[in-house]
Undergrad: 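Quick one: the structure is below, and I'll ask about it shortly.
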Amino acid sequence: MRIVLGVSGGIAAYKAVEVCRRLVDAGHHVTPVLTEAARRFVGAATFSALASDPVPEGIWEPFEGRIAHTGLGRAADLVVVAPATADLLARYAAGMADDLLTATLLATGAPVVVCPAMHTEMWEHPAVAENLATLRRRGVRVVPPESGRLAGGDEGTGRMAEPGTIVAAVLAVLDASSGEARRGDLSGRRVVVSAGGTREAIDPVRVITNRSSGKQGHAVAEAAADRGAKVTLVTASALPAPSGVDTVRVESAAEMEAAIDAAARDADVVVMAAAVADFRPKAASDQKVHGVPELVLEPTPDILAGLAARRRPGQVLVGFAAETEDAVGRAGRKLERKGVDLLVVNDVSAPGVGFEHDTNEVTILGSDGGRINVPLGSKRLVADAVLDAVAARLRGGSTAGADTETGDTGESR
Ligand code: C5P
C-alpha cells in the first residue's frame, strides 16, 4: 500500500523516523512529506534513507513526474501525520493548502490518521479541541497523545503516542479500508478452488503424496466466499471446510480431476492451489504388498492444462507453482506452458514460506506481463492479493504494472 507519512514540526518528529522504518518493514511504500518546521527537528536525509522515496522538495517541485501537490494525495492509500502539531491541525481543519503536506491532505480521498503532539496547555486549548472535533467529524482518525515527558523537560498530556501504537492504528485502518473495497467484489461469481496434496495409492495401505497442507487453498476459498462468490472447494486436505463453501473431499489426482472438471463447467474462476501429484503407480495393488514393491509410475493428467484447453470465454484460470530455485524464471515459462491467466509462485526454500507454514510470500505473474510481489504475510492476506488480481481480470483490467508491491500481503498450498 502507498502511505504518505506527514511530519510536522515538533520534537516528536524523531519518533516519526521509527514509524517510517516500521511501515517500510511491514511491506508498505512510504513517502515522507516534511513541513519546513519538521526539517528543523529531523533532517530530510534521515527519512530519505529509510523510506521508499526520497523526501519531496515541496509544493513547487514535481514529484516522480506528477504534480506534487495533488499527485501524492491521489496516489495514497493512507496518509498519516505524526507528529501533528496544533498549527498543522489548525491549517488542516481550516482547509488551508499552503505547503505540500496540507495540499496532500486536501487532495486525498484516502483515510487520514493524525497523531497530535504538543504541550499540555496547547492540547487543552479549546481551539485545538474544536479543530480535532472538526477533523473527526470529517472522518479523520486520531491517535491521541499520551501523558509523559514533553519538550523542555515538562511533564503532562501531549506526548505523541509511541511508534508501535501509531503503526498498529495505521495497519488497522488499512485492513478495514481494503476489506471495505473488497466486500462483495466477487458477488454472483462462481469460483472453484482446489487444495491440498493428492494421495496416489500404492496398495490399500500406502500412498505417494507431498508436503502440501492445503492451508493456502482453503484460505483462497474462504476469502472468495467472504467476498461474495459462490465457492466450490475440491480438497485433498483434512483441514475443516471453510464456512459458506461447498466442499468436495477427494484423495487422488483422478478424483480431483473429475470433481474439478464437473465444477469448472459453469465457473467464472478456477484457482488450482492443490499440489496434484505429477506421477502415480500405474496400477495400485488390491492387497497390501509384502516386501519392497516394484513401482511402475505413470504421469497423472495435468488438470490445469486440460482446463486451459477447454476454457469458457472469460473464465479466469489461476495456477500455483512451488519452486526451490529460479522461482520466478521457471514460473514465467510454466505460465505460458499451462496457458493460464495468473500464476502464483512461491520459493518454498525461503524461511516462513510454503508448505505447512501459516505464512507465505508469493509473486503473482500475469499472462499480460504484470507482476505483483506480495511480501511475507498470512495465507489469508496472500489469498486476498490473489483474488484482487482475479477481480481485476474479471473487470477486464490488467494484473498490475511491472513489479507492483502490495502491502497486503500463502503454503505453497
Ligand atoms: O507443473 P506443476 O505441478 O508445478 O504445476 C503446478 C500447477 O499445476 C498447480 O496449479 C497445480 O494445481 C496444477 N497441476 C495440475 N495437474 C497436475 C499437476 C499440477 O492441475 N497433474
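In each ligand, atom 1 is the first atom listed, and ligand 1 is the first ligand listed.
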Undergrad: Under 4.0 Å from any heavy atom of Thr300, which atoms of ligand 1 are there?
TA: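 Answer, ordered by atom number: 21 (N).
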Undergrad: Regarding ligand 1, does Ala321 bring an N or O atom to under 3.5 Å of one of the ligand's N or O atoms?
TA: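 Not met; the criterion fails.
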Undergrad: Only pairs at least two apart or in different chains count here, so list each salt bridge (charged side-chain N to carboxylate O under 4.0 Å, His left out) that has a residue in residues 281-301.
TA: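 Salt bridge (charged side-chain N to carboxylate O under 4.0 Å, His left out) check on residues 281-301 returns Arg280-Glu298.
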Undergrad: Mind jotting down which residue pairs meet the salt bridge (charged side-chain N to carboxylate O under 4.0 Å, His left out) criterion with at least one end in residues 72-98? Sequence neighbours excluded, please.
TA: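 Those involving residues 72-98 are Asp87-Arg91, Arg91-Asp98, Arg91-Asp99.
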Undergrad: Is there a heavy atom in Ala274 that sits closer than 4.0 Å to ligand 1?
TA: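 In this structure, Ala274 qualifies as a contact of ligand 1 - some heavy atom is under 4.0 Å.
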Undergrad: When only distance counts, is Val276 in polar contact with ligand 1, meaning an N/O pair under 3.5 Å?
TA: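 No, no N or O pair falls under 3.5 Å.
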Undergrad: Is the contact between Pro301 and ligand 1 made by the side chain, the backbone, both, or neither, using heavy atoms and a 4.0 Å cut-off?
TA: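 Looking at Pro301 and ligand 1, just backbone atoms fall under 4.0 Å.
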Undergrad: Considering both backbone and side-chain atoms of Val318, is one of its nitrogen or oxygen atoms within less than 3.5 Å of a nitrogen or oxygen in ligand 1?
TA: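 Val318 vs ligand 1: no N/O contact under 3.5 Å.
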Undergrad: Counting from 1, what ligand 1 atoms have a heavy atom of Gly319 closer than 4.0 Å?
TA: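 Taking each heavy atom of Gly319 in turn, ligand 1 has 10 (O) under 4.0 Å.
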Undergrad: Please determine if Met272 has a nitrogen or oxygen closer than 3.5 Å to a nitrogen or oxygen of ligand 1.
TA: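 Met272 vs ligand 1: N/O contact under 3.5 Å present.
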Undergrad: Pick one: which of Ile166, Val142, Val170 meets side chain to side chain contact (heavy atoms under 4.5 Å, CB included) with Cys115?
TA: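 Going through Ile166, Val142, Val170 one by one, the side chain to side chain contact (heavy atoms under 4.5 Å, CB included) with Cys115 is satisfied by Ile166 alone.
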Undergrad: Any idea which part of Asp278 is under 4.0 Å from ligand 1, heavy-atom wise: side chain, backbone, both or neither?
TA: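 For Asp278, only side-chain atoms sit under 4.0 Å from ligand 1.
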Undergrad: Measuring from non-hydrogen atoms of Glu257 to any atom of ligand 1, is the shortest distance under 4.0 Å?
TA: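 Not so, Glu257 does not reach ligand 1.
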Undergrad: Tell me whether Ser194 has any N or O atom under 3.5 angstrom from an N or O of ligand 1.
TA: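 Ser194 vs ligand 1: no N/O contact under 3.5 Å.
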Undergrad: Is it the case that the side chain of Thr359 and the backbone of Leu376 share a donor-acceptor pair, with hydrogens and angles ignored and the cut-off at 3.5 Å?
TA: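 Between the backbone of Leu376 and the side chain of Thr359 there is no qualifying donor-acceptor contact (under 3.5 Å).
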Undergrad: Output yes when the distance from some N or O of ligand 1 to some N or O of Lys338 is under 3.5 Å, and no in every other case.
TA: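 Yes - when backbone and side-chain N and O of Lys338 are compared with those of ligand 1, one distance drops under 3.5 Å.
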